[in-house]
Amino acid sequence: MNIFDRLSNGWNIAMNSWAVLKENRRLILFPILSGISLILVVVSFVVILFASTGWDIEAFRDYRDQSSFVNYLFVFVYYLINYFIIVFFNTALIHCTHLYFKGEEPTIRKGLQFALSRFWALLSWAAFAATVGTILRIIQDNVGSLGKFITGLIGIVWSVTTFFVVPVIAYENLGPIGAFKRSATLMKEKWGERLGAGFSFGLIQLLGILAAAAIGGLLGWAIHPLLGIAVFALLLFATLVLVSAVKTIFISAVYHNITGDPVKHFNEQFADNLFLEK
């Protein structure tokens, strides 16, 4: 396939991923739980840091800006917990979509049970990703503008090469480095679909954020600013949750197609021969 065929294929898969979510609306619970958990983690870490400085705002700012072993250890633990939460609930969602593609009934319980069965594999990946993230943070904090530029480039490469890491960890018996390499290999095969779907998701997310801002701003102007802020926050959360769920379904669909796993149920309902090369 040429680049345009790949982009078109990616867009079609992305749109049909929305249809899969509509058919299985309960699956939206996974990104909701993930989002709520991440918010609680952020709040918890802020409270711990703030309390450690005696609830002094100036001391908190100074402590946050310091570069020390303890600070970076704190950053590592924060990244570890965040990455684990993300991959845990994404694994549960990917397993449910796998069941759906096979024509089976996906349930929240089945998804969570499968994710728990992969606990140590998910934790090892979270530790690996947290280590990489902490190293990049150290470079960014200590090499100035050049460090920020370098870490920015590395971050882009990382996000692309780890695109298929969650299903690889879920279904292939590989360690963190092996999963990283395997994901990079799969990415080379389907980079066009990723680009096309990325455009789709990005556009939908942008429109959702703009709509949330418009509605929140209107309510804040007409009724009360706090109401506008609250509505905007809720709509923003809903937008991010929906896009996250559909992205994960997209990843699952492409991964199972590449590996030869059944996706026939998906194709029959939404797009015959969707994955066939043109």
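Just so you know, residue 1 is the first one in the sequence shown, and it goes up from there. It should be emphasised that the depicted structure is a prediction, and the values quoted were computed from it without experimental measurement. For the numbers below, each heavy atom of this structure counts, side chains included, while hydrogens, waters and symmetry mates do not.
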S.K.: Could you check whether any side-chain N or O of T161 sits under 3.5 Å from a backbone N or O of V157, counting only pairs where one atom can act as donor and the other as acceptor?
M.R.: yes
S.K.: If I compare all heavy atoms of L99 with all of E105, which pair ends up nearest, and what's the gap?
M.R.: CD1-O, 4.4 Å
S.K.: Below 4.5 Å, heavy atoms only, C-beta onward: do T185 and F164 meet side chain to side chain?
M.R.: no
S.K.: Start with the C-alpha gap between R26 and T107, add the side-chain angles, then the distance that decides, and say whether side chain to side chain contact (heavy atoms under 4.5 Å, CB included) holds.
M.R.: CA-CA 8 Å; R26 73 186 74 175; T107 65; 4.0 Å; yes
S.K.: Taking the ring of F128 and the ring of Y83, is the distance between their centroids below 6.0 Å?
M.R.: no
S.K.: Is the closest basic N to carboxylate O distance between K181 and E172 below 4.0 Å?
M.R.: no
S.K.: Consider only side-chain heavy atoms of I, L, V, M, F, W and Y, link residues closer than 4.5 Å, and tell whether I229 and F237 are in one cluster.
M.R.: no
S.K.: Do you know the tightest heavy-atom contact between P106 and N24?
M.R.: CG-OD1, 3.4 Å
S.K.: I need the I215 CD1 to L218 CG distance, nearest 0.5 Å.
M.R.: 8.5 Å
S.K.: For a quick test of reading the model, state the closest non-hydrogen atom pair linking L93 to A245 and the distance between them.
M.R.: CD2-O, 3.8 Å
S.K.: Taking the six-membered ring for Trp, are the ring centroids of W158 and F180 within less than 6.0 Å of each other?
M.R.: yes
S.K.: May I have the step-by-step check of side chain to side chain contact (heavy atoms under 4.5 Å, CB included) for T97 and T248, ending in yes or no?
M.R.: CA-CA 9 Å; T97 59; T248 305; over 6 Å; no
S.K.: Using the rule that Ile, Leu, Val, Met, Phe, Trp and Tyr join whenever any side-chain heavy atoms are under 4.5 Å apart, tell me whether L236 and L33 fall into a single cluster.
M.R.: no
S.K.: Please say whether more than 12 non-hydrogen atoms of neighbouring residues, nucleotides or ligands are located less than 6.0 Å from CZ in F119.
M.R.: yes
S.K.: Is the closest side-chain heavy-atom distance between V41 and F84 below 4.5 Å?
M.R.: no
S.K.: Counting only heavy atoms not in I177, do more than 12 sit closer than 6.0 Å to its CD1 atom?
M.R.: no
S.K.: Carefully, step by step, assess L40 and I36 under the rule side chain to side chain contact (heavy atoms under 4.5 Å, CB included).
M.R.: CA-CA 6 Å; L40 292 176; I36 292 174; 4.1 Å; yes
S.K.: With a 3.5 Å distance limit and no angle check, can you tell me whether K110 reaches the backbone of H95 through a side-chain donor-acceptor pair?
M.R.: no
S.K.: Which heavy-atom pair separates I169 from R118 by the least distance, and what is that distance?
M.R.: O-NH2, 2.7 Å
S.K.: How long is the span from the CG atom in L123 to the CZ atom in F88, to the nearest 0.5 Å?
M.R.: 11.5 Å
S.K.: Is the backbone N or O of F30 less than 3.5 Å from a side-chain atom of S34, with the two atoms forming a donor-acceptor pair by type?
M.R.: no
S.K.: Given the rule that I, L, V, M, F, W and Y join up when any side-chain heavy atoms are under 4.5 Å apart, are L242 and V231 in one cluster?
M.R.: no
S.K.: Rounded at 0.5 Å granularity, tell me how far CD1 in I209 sits from CG in L235.
M.R.: 11.5 Å
S.K.: Is it true that a side-chain atom of S183 and a backbone atom of A179 form a donor plus acceptor pair closer than 3.5 Å?
M.R.: no
S.K.: Cluster question for you: counting only ILVMFWY and a side-chain heavy-atom cut-off of under 4.5 Å, with indirect links fine, are V42 and F76 together?
M.R.: yes
S.K.: Locate the shortest heavy-atom distance separating L122 from A115; write the atom from each residue and the value.
M.R.: CD1-O, 3.7 Å
S.K.: Taking atom CZ of F232 and atom CG of L219, what is their separation to the nearest 0.5 Å?
M.R.: 12.5 Å
S.K.: Out of curiosity, F89 CZ to L38 CG, how far, rounded to the nearest 0.5 Å?
M.R.: 9.0 Å
S.K.: Tell me if the centroids of the rings in H98 and Y255 come within less than 6.0 Å of each other.
M.R.: no
S.K.: Measure the spacing between CG of L112 and SG of C96 and express it to the nearest 0.5 Å.
M.R.: 7.5 Å
S.K.: For the ring pair Y171 and F114, is the centre-to-centre distance below 6.0 Å?
M.R.: yes
S.K.: Between I150 and L136, is there a shared hydrophobic cluster once you connect ILVMFWY residues whose side-chain heavy atoms come closer than 4.5 Å?
M.R.: yes
S.K.: Is any side-chain heavy atom of F250 less than 4.5 Å from a side-chain heavy atom of V246?
M.R.: no
S.K.: Run F45 and I81 through side chain to side chain contact (heavy atoms under 4.5 Å, CB included) and show every step you take.
M.R.: CA-CA 11 Å; F45 272 74; I81 296 174; 3.8 Å; yes
